[in-house]
Amino acid sequence: MKPGGKCPTEDSEEPERRQTEAPFSFTPQLVRLHKDHELFEDGDIHRHMYLQDLYISQEDEPTTSVSEFACHISGCSAVFSALEEYEHHYNSLHRHVCCSCRRSLPSARLLDIHIQEWHDSLFTVLAQRQDMYQCLVEGCGHKFRTSDHRKEHLIRIHKYPPDFRFDKPKKDRGTRETKRPPHKDIAMEEVGDVCESEGVCEVMCDVLSEQPEPGESMETVVEEAAAHLTKAAAAGEDAGLSAAVHSKECLNTETLKPQYSYRVPSTVCFGRGSIRGFRGQRGRRK
Amino acid sequence: MWRLNRVRHKAGRQGGSSEEARLKRREHEKALRQARRDRQLVSKRLLLNEDEEQPEVTMDTMSGEQDVVSLLYKLQHSGPERETHLRALSNTLRGPSAQLSFIKQENSMHLLVSLLTGSNAQCRLHAVRCLHELSHSPHTNVAPACLPATPYLLTYLSGQSTKFTELCLYTLGNLFPDSDIVKEKLLAQGIIPALANCLENQRHNLSVVEAVGFTLSQLLQAKDAAEKIIPQVLASSLPTQLLSVLTPDQNFGLAPAIECAWCLHYLACSSEDNRELLARGALLQCSSLLLSLGDAVAEGKKEEGMELLVCPVLRCVGNLLSLCPVDSLSTQVGDVRLAAAVCVLLQAYPHTQPALARESAWVLNNLTAASSDFCSALLSLNLVPGLIQLLPFSQGINTMVLRVLANIAHKKKEFCVQLAQLGLVSTLCATLKMADQEMVTLSLEVLFMLVLSTQQVADEFVRLGGVSLLEAIQYNSEGEMRRRAAYLLEHHLLTHSSDLTVDNVP
């Protein structure tokens with residue numbers, strides 16, 4: 001996205017014109033309340049309790065309540081009582097979003113790797129001739145020819161669990177991504193491109209993990225995924241490196257290699273199960 | 001203070017079963033809330049006997065009913081012992097089934113009226129006490145049965161005996177809401193002029209004033225009050241009288257002022273045309289009262305029950321402001337320190353009485369929406385930091401407070417600059433994350449106004465991580481929020497920000 005690409009002038013040359021275009025509508029308003037208005041309810045009740053001899057000075061019954069915070073990402077219904085919780089939630093689960101496929105990665109580095117491996121055609125070209133697949137562990141530095149090799153390395157050297165969800169090899173049909181402008185004004189519903197394979201990003205769906213769908217074809221799944229994306233229309237949820245939602249399914253799909261699943265889960269979960277998913281998955285694998 | 005003193009005794013006695021009492025109160029409160037939703041919130045008052053500290057729990061048994069019958073018989077046939085019998089009757093009539101039994105007896109009301117108007121003063125007193133007990137009945141068919149007595153009760157309002165007049169007043173106030181027939185008759189019999197006269201003549205007698213206030217408030221809460229009652233009241237001397245009572249008496253306490261304030265509230269909020277009230281200086285009077293109440297609270301002299309007075313006065317000011325022509329605002333309201341008083345009230349109650357805090361915030365909204373003077377007063381009197389601290393409180397408090405801040409920002413760019421200097425930008429970073437959609441949308445509006453005022457705001461916002469916050473909002477399911485966030489990002493924030501996550505895209 002080119003910042004400022006839409007707006008020709010940045011500064012206050014034509015403030016009125018811009019203001020009439022701007023979607024802001026606040027004006028100070030005098031508010032008049034009739035006697036039965038709901039804002040008056042508590043005061044009226046207090047008054048009538050007094051009339052009926054039931055008045056008690058309120059010192060001992062504090063009824064204050066504080067606003068909650070809530071995650072903005074559509075589909076994520078997380079609510080928090082403290083600001084720090086919000087920050088933690090957002091930073092853990094909704095940062096580092098791949099703007100092509102909307103997947104969310106747990107760290108900037110993994111986002112980089114994801115983008116490189118899945119959205120960079122140069123990578124595909126280079127990978128045919130040299131070791132391009134980086135080890136996911138920070139500081140390791142090793143590179144591998146294929147993602148299989150990397151996976152083996154991760155299991156053997158870094159003791160990753162064998163049913164860990166690794167990136168899958170690219171399919172022959174190639175990725176279906178389009179170069180959409182990553183900034184979305186309103187049309188969140190237009191998400192059409194989906195990473196067909198998981199790569200480093202994991203898409204969590206608690207619900208789905210209970211219902212393996214062995215016989216599904218690739219197209220259906222992807223379409224469903226796209227459909228669900230249009231519904232949810234938010235940053236892709238990501239459980240990071242702790243995988244194994246679909247570990248069972250992986251093993252069950254006949255048409256595909258046992259360790260991997262080429263399928264995109266039919267529901268892309270954008271957060272409903274995200275918190276649980278992210279942490280819960282680690283627990284589940286035991 | 002009449003009412004509250006009584007209650008304190010009550011509360012003291014129930015020390016042991018306070019949990020029970022609390023539960024009962026809560027049940028009662030629930031019932032009242034439902035009644036309000038059904039537009040049927042009505043209360044009656046019972047004036048206790050001199051020797052009573054709290055309403056005795058009557059044994060509402062068959063014997064009560066039998067007592068009524070036998071007492072009535074005795075009353076018809078006795079001579080000098082009438083007083084005793086009458087007194088006994090009034091005690092018996094505390095019980096609801098006795099009340100029903102009474103009105104079923106033939107000629108019972110006729111007898112009572114004759115005693116009410118007879119030559120024996122003590123009998124008159126006991127008779128009116130009987131009527132008072134009847135008026136307090138939970139059964140709505142008792143009130144129409146009392147109609148024969150009402151013309152006399154009204155006449156007696158111009159009498160001089162305090163206790164008697166009080167009893168007449170509370171009885172009328174209790175009877176009025178019970179049935180339409182009673183309402184019609186009482187209005188036709190001239191209850192409004194009678195109340196006006198009584199108030200004028202007994203202005204010095206504060207317990208009578210309190211009683212008039214109560215009775216009038218019963219009239220003013222009627223559903224059709226706007227057509228049938230309020231015009232007449234506004235045309236009478238009552239509004240002026242009520243206004244003159246507003247200042248609480250040092251010795252007598254808050255009670256009369258409370259009643260009169262509630263009357264004024266009902267007048268102010270239901271009449272479309274407040275010119276009458278404004279012309280009588282209602283806004284001025286209420287504002288200056290609010291000022292002194294605010295001052296009292298600020299000095300730590302928060303009297304028990306004060307919120308019962310603060311509430312209706314706030315409401316009067318709030319509604320009168322909404323109809324006051326802007327050019328006369330300064331004469332009507334006068335002192336801009338009113339803003340400080342309202343802020344004091346706002347900050348005194350968010351924990352214990354959030355409703356009162358909410359209503360104070362509403363008044364502030366009307367003050368700041370109407371006048372730029374009040375906006376600048378809030379800034380110059382250094383009241384804004386206190387307002388900012390209220391932004392965490394929900395239940396409608398923070399949305400109203402944010403509205404106030406938005407009103408200020410809307411007036412002038414200089415105000416925006418000052419608001420930003422007071423730390424509003426970082427607060428907005430928090431309010432933008434709230435669950436309440438109105439808070440978020442308002443925050444975006446305020447942010448927009450601040451950003452337009454000066455580049456520093458945009459810089460500060462970006463520095464505080466605002467860009468990713470707005471980006472998150474772009475994923476929100478509400479279009480209103482997304483549009484505003486997107487606009488801010490595109491037109492104001494991303495032109496100079498280097499803090500983009502999306503820059504990673506090759």
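Just so it is clear: chains get the letters A, B, ... in the order the sequence lines come, proteins before strands, and each one is counted from 1.
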Where does [X] contact chain A at under 4.5 Å (heavy atoms): side chain, backbone, both or neither?
X: B:V404; answer: neither
X: B:L220; answer: backbone
X: B:L442; answer: side chain
X: B:F214; answer: side chain
X: B:Q221; answer: both
X: B:L356; answer: neither
X: B:S217; answer: side chain

Which atoms of [X] are under 4.5 Å from chain B, going by heavy atoms: the side chain, the backbone, both sets, or neither?
X: A:V31; result: both
X: A:F40; result: both
X: A:F26; result: both
X: A:E38; result: backbone
X: A:L83; result: side chain

Do the side chains of [Y] and [X] get nearer than 4.5 Å, heavy atoms only?
X: A:V66; Y: B:S394; value: no
X: A:I73; Y: B:N476; value: no
X: A:S25; Y: B:R484; value: yes
X: A:L33; Y: B:R315; value: no
X: B:R358; Y: A:D42; value: yes
X: B:K433; Y: A:F80; value: no
X: A:L51; Y: B:K44; value: no
X: A:F69; Y: B:M434; value: yes

Exercise. Spell out, as yes or no, whether a donor-acceptor pair under 3.5 Å connects the side chain of B:H491 to the backbone of A:A22.
Key: no
Exercise. Identify the heavy atoms of A:Q29 and B:N366 that sit nearest to each other, and give their distance.
Key: O-OD1, 4.1 Å
Quiz prompt | For A:G43 against B:A355, the heavy-atom pair lying closest together | solution = N-CB, 4.3 Å
Exercise. Mind running side chain to side chain donor-acceptor pair (under 3.5 Å) on A:S67 and B:N398 for me, showing each step along the way?
Key: CA-CA 8 Å; A:S67 240; B:N398 53 6; 3.1 Å; yes
Exercise. Select, from B:C311, B:P312, B:P392, the one with the greatest count of heavy-atom pairs under 4.5 Å involving chain A.
Key: B:P392
Quiz item: Where does the angle between the aromatic ring planes of B:F448 and A:F24 fall among parallel (under 30°), tilted (30 to 60°) and perpendicular (over 60°)?
Solution: parallel
Quiz item: Taking it one step at a time, do B:H28 and A:Q52 satisfy side chain to side chain donor-acceptor pair (under 3.5 Å)?
Solution: CA-CA 10 Å; B:H28 203 99; A:Q52 297 188 19; 2.7 Å; yes
Quiz item: Taking it one step at a time, do B:W262 and A:Y50 satisfy ring-ring contact (aromatic ring centres under 6.0 Å, His included)?
Solution: CA-CA 13 Å; B:W262 280 94; A:Y50 159 79; 9.3 Å; no
Practice problem: Could I get the full list of side chain to side chain contact (heavy atoms under 4.5 Å, CB included) partners for A:E41, not counting sequence neighbours? | Solution: A:I45, B:R33, B:R36, B:R37
